[in-house]
2 protein chains.
Amino acid sequence: MPAPSPLVAHDRSDVIHASDTLARVFAALGDPIRLKLVAVLCAGGALSIAQLTANTDISRQGVTKHLQVLAEAGVVRDVKMGRERLWQLDPAQIEGARQTLDVIGHEWGIALQKLKLFAESP
Amino acid sequence: MPAPSPLVAHDRSDVIHASDTLARVFAALGDPIRLKLVAVLCAGGALSIAQLTANTDISRQGVTKHLQVLAEAGVVRDVKMGRERLWQLDPAQIEGARQTLDVIGHEWGIALQKLKLFAESP
DNA sequence: GATAAATGCAACTAAAAAGTTGCGTTTTGT
DNA sequence: ACAAAACGCAACTTTTTAGTTGCATTTATC
């Protein structure tokens, strides 16, 4: 097995799996407009670009670009219906991101527990 | 009470609270280097900039900038120890982000359930 | 006290992102 | 057939981000 890093004692990057696709999901959610789009779509609806634009302050093309960012991250999907393009949430990637944050919190909790045990040791 | 939006039937943006500070947390996590920094720090350690730089391909000043982004999002905190500046995780904002993703998943599940009930209705 | 380590500060370049405008295409409805 | 709705495509500007280099400052060590 490989020798542990001499500089960083407790690298958990193997546990977290900080992949580029995961970072892409977080980056997609890291914009107020896109986050609101997700908040609207999580209610289960399949909404057109025009409908989604009505909730924002930017142009239709601006919303289209944001939807493309979300789509490339796998957060939303589109279905063509006649002259409309309906967008709906795809919760798989969001669930993956949630699990990552969950693991980070757990790792932190474990570290705190170890520190506590060390402090209480006689 | 205000009239419901005529265009969007099920806006859950009130439930999600898509604030700018929350988007800032997601944006901070939306970079592979920063995500790895968080993965390293979630093990509980307080590491210096030089130590954190050893895990990346970029310069020390580049890492410093990434840490500043994480700090402005409230994801990490710094403590000065002598000539070193030690960084550690602050899990509060990450927990808030996790809860948001949790709510999105739940809202989606509720929407699916309603759709299922509607499809099964005689 | 001199030296090396760890960092801060500022200027700079390059690349990506955000947003717009203009115009063309497809589809719906009368 | 024609007009309006919904959208795509492409060019463009502006702003932000990522990353670097150079030099100054603080702190530990011999």
Side-chain angles (χ1 to χ4, degrees), chain A residues 5-9 18 20-38 40-41 45-88, chain B residues 6-9 18 20-38 40-41 45-73 75-88:
Chain A
S5 166
L7 281 179
V8 177
D20 282 18
T21 62
L22 183 57
R24 194 177 299 267
V25 174
F26 283 126
L29 300 175
D31 179 274
I33 292 179
R34 291 197 292 265
L35 198 52
K36 186 165 186 178
L37 289 174
V38 169
V40 170
L41 289 176
L47 303 183
S48 69
I49 299 176
Q51 286 174 319
L52 291 170
T53 303
N55 263 10
T56 68
D57 297 334
I58 65 176
S59 68
R60 172 180 59 88
Q61 288 83 350
V63 173
T64 297
K65 281 197 176 182
H66 282 296
L67 287 170
Q68 283 174 349
V69 173
L70 289 168
E72 283 175 12
V75 174
V76 299
R77 300 162 44 88
D78 69 297
V79 182
K80 288 192 176 178
M81 284 281 293
R83 67 177 160 182
E84 288 179 318
R85 190 174 171 190
L86 303 180
W87 292 86
Q88 57 188 15
Chain B
L7 282 178
V8 178
D20 281 20
T21 61
L22 184 57
R24 194 176 296 264
V25 174
F26 284 125
L29 300 174
D31 179 274
I33 293 180
R34 290 197 292 266
L35 197 52
K36 186 164 186 178
L37 289 174
V38 169
V40 170
L41 289 176
L47 303 183
S48 69
I49 298 176
Q51 286 174 318
L52 292 171
T53 302
N55 265 10
T56 69
D57 298 334
I58 65 176
S59 67
R60 171 181 60 87
Q61 288 83 350
V63 174
T64 298
K65 281 197 176 184
H66 281 298
L67 288 169
Q68 283 174 349
V69 172
L70 289 168
E72 283 175 12
V75 174
V76 299
R77 300 162 43 90
D78 70 296
V79 181
K80 290 194 175 177
M81 283 282 295
R83 66 178 161 181
E84 288 180 318
R85 191 175 171 190
L86 303 180
W87 292 86
Q88 56 187 18

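Considering CG of B:L37 and NE2 of B:H66, their distance stands at 7.5 Å, rounded to 0.5 Å. The distance from atom CD of A:Q61 to atom CD1 of A:I49, rounded to the nearest 0.5 Å, is 9.0 Å. How far CG of A:L41 is from CD of A:Q51: 10.0 Å, rounded to the nearest 0.5 Å.
For the side chain to side chain contact (heavy atoms under 4.5 Å, CB included) test, residues two or more places apart in sequence or in another chain that qualify with A:T21 are A:S19. Applying the side chain to side chain contact (heavy atoms under 4.5 Å, CB included) test to A:T56 and every residue at least two apart in sequence or in another chain returns A:I33, A:T53, A:I58, A:V63.
For DNA chain C, the contact window with chain B, defined by any atom under 4.0 Å from a protein heavy atom, covers C:dA5 to C:dC9 in 5' to 3' order.
For the pair A:Q88 and A:A46, the tightest heavy-atom approach, listed with the atom from each and the gap, is OE1-CB, 4.0 Å. Residues B:L52 and B:W87 come closest through the heavy atom pair CD1-CB, 4.2 Å.
Spacing between atom CD1 of A:I49 and atom P of D:dA5 amounts to 17 Å, rounded to whole angstrom units. Between the P atom of D:dC7 and the CG atom of A:D78 lies a distance of 11 Å, rounded to the nearest Å.
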One character per nucleotide, please: for nucleotides 15-30 of chain D, 5' to 3', B when the base has a protein heavy atom closer than 4.0 Å, S when only the sugar-phosphate does, - otherwise. ---SBBBB----BS--

Show every donor-acceptor pair shorter than 3.5 Å between a side-chain atom in residues 68-86 of chain A and any protein atom, with sequence neighbours excluded, or say none if there are none.
residue, atom, partner, partner atom, Å
A:D78, OD2, A:R85, NE, 3.0

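Formation of a donor-acceptor pair under 3.5 Å by the A:R34 side chain with backbone atoms of B:A23 is not found in this model.
Axis angle, first five pairs versus last five pairs of the helix from C:dG1-D:dC30 to C:dT30-D:dA1: 30°, rounded to 10°.
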